[in-house]
Amino acid sequence: MSCNKVFSERLFEIIKKSGKSVNQIERELGYSRNSISNYKNSSEPSGTRLVELANYLKVTPDYLVGLSNEPNINKKSINDIFIKLSSNEKIELFKVYKEWLSNYLGGECSLDININIIKKDE
């Protein structure tokens with residue numbers, strides 16, 4: 001499948017899912033009429049326009065042009081993020097969570113954690 005065909009299919013699929021019309025998106029982005037519709041045929045966007053469309057539609061440019069099958073780069077699990085934290089960052093996160101939980105429960109929170117377990121992970 002050509003890059004333009006992938007771009008066109010993905011662009012219009014995402015637009016359809018957005019619930020907005022092509023004309024509405026063109027107006028909101030300040031594009032001339034039919035500028036997006038032209039991508040159905042053989043026209044390809046400039047790099048700037050590709051990034052604008054990707055940002056507007058909340059997907060990556062790589063996804064739009066077929067270099068990635070993951071539409072949203074921000075789809076990381078909490079575990080993926082937590083693993084990359086340093087010991088100090090994990091401890092700080094725990095303190096913030098403990099304070100939030102204490103406020104949520106309306107009193108002192110008695111969560112204890114063995115800091116050595118966190119430091120052992122590194």
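Quick caveat, the model's predicted, so the values are computed rather than measured. Quick note: residue numbers are just sequence positions, from 1.
Seen from the ring of Tyr39, Arg49 does not count as a face-on cation partner, given the 6.0 Å and 45° thresholds.
Put simply, the side chain of Lys58 does not reach to within 4.5 Å of the side chain of Ser18, judged on heavy atoms. With a 4.5 Å cut-off on side-chain heavy atoms, Phe7 and Glu44 do not count as touching. Side-chain contact between Glu26 and Asn23 is present, with at least one heavy-atom pair separated by less than 4.5 Å. Side-chain contact check for Ile36 versus Leu53: some heavy-atom pair is nearer than 4.5 Å.
From Tyr56, atom OH reaches atom CD1 of Ile25 across 4.5 Å, with rounding to the nearest 0.5 Å. In this structure, the separation between CG on Asn38 and CZ on Arg33 is 11.5 Å, given to the nearest 0.5 Å. The line from CD1 of Ile14 to NZ of Lys20 is 13.5 Å long, rounded to the nearest 0.5 Å. Between atom CG of residue Leu64 and atom CD of residue Glu9 there is a gap of 12.5 Å, rounded to the nearest 0.5 Å. To the nearest 0.5 angstrom, Leu93 atom CG is 12.5 Å from Asn88 atom CG. Atoms CD and CG, from Glu13 and Leu11 in turn, are 10.0 Å apart once rounded to the nearest 0.5 Å.
Transitive grouping of hydrophobic side chains (ILVMFWY, heavy atoms separated by less than 4.5 Å) brings Leu57 and Leu67 into a common cluster. No continuous path of ILVMFWY side-chain contacts below 4.5 Å connects Val51 to Tyr63, so the two sit in separate hydrophobic clusters.
Applying the side-chain contact (heavy atoms from CB on, under 4.5 Å) rule to Ser68 yields the partners Asp62, Glu70; only residues at least two apart in sequence or on another chain are considered.
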What's the verdict on salt bridge (Lys or Arg N to Asp or Glu O under 4.0 Å) for Glu92 and Lys95, showing C-alpha distance, side-chain angles and the deciding distance?
-> CA-CA 5 Å; Glu92 284 303 310; Lys95 289 176 183 176; 3.6 Å; yes
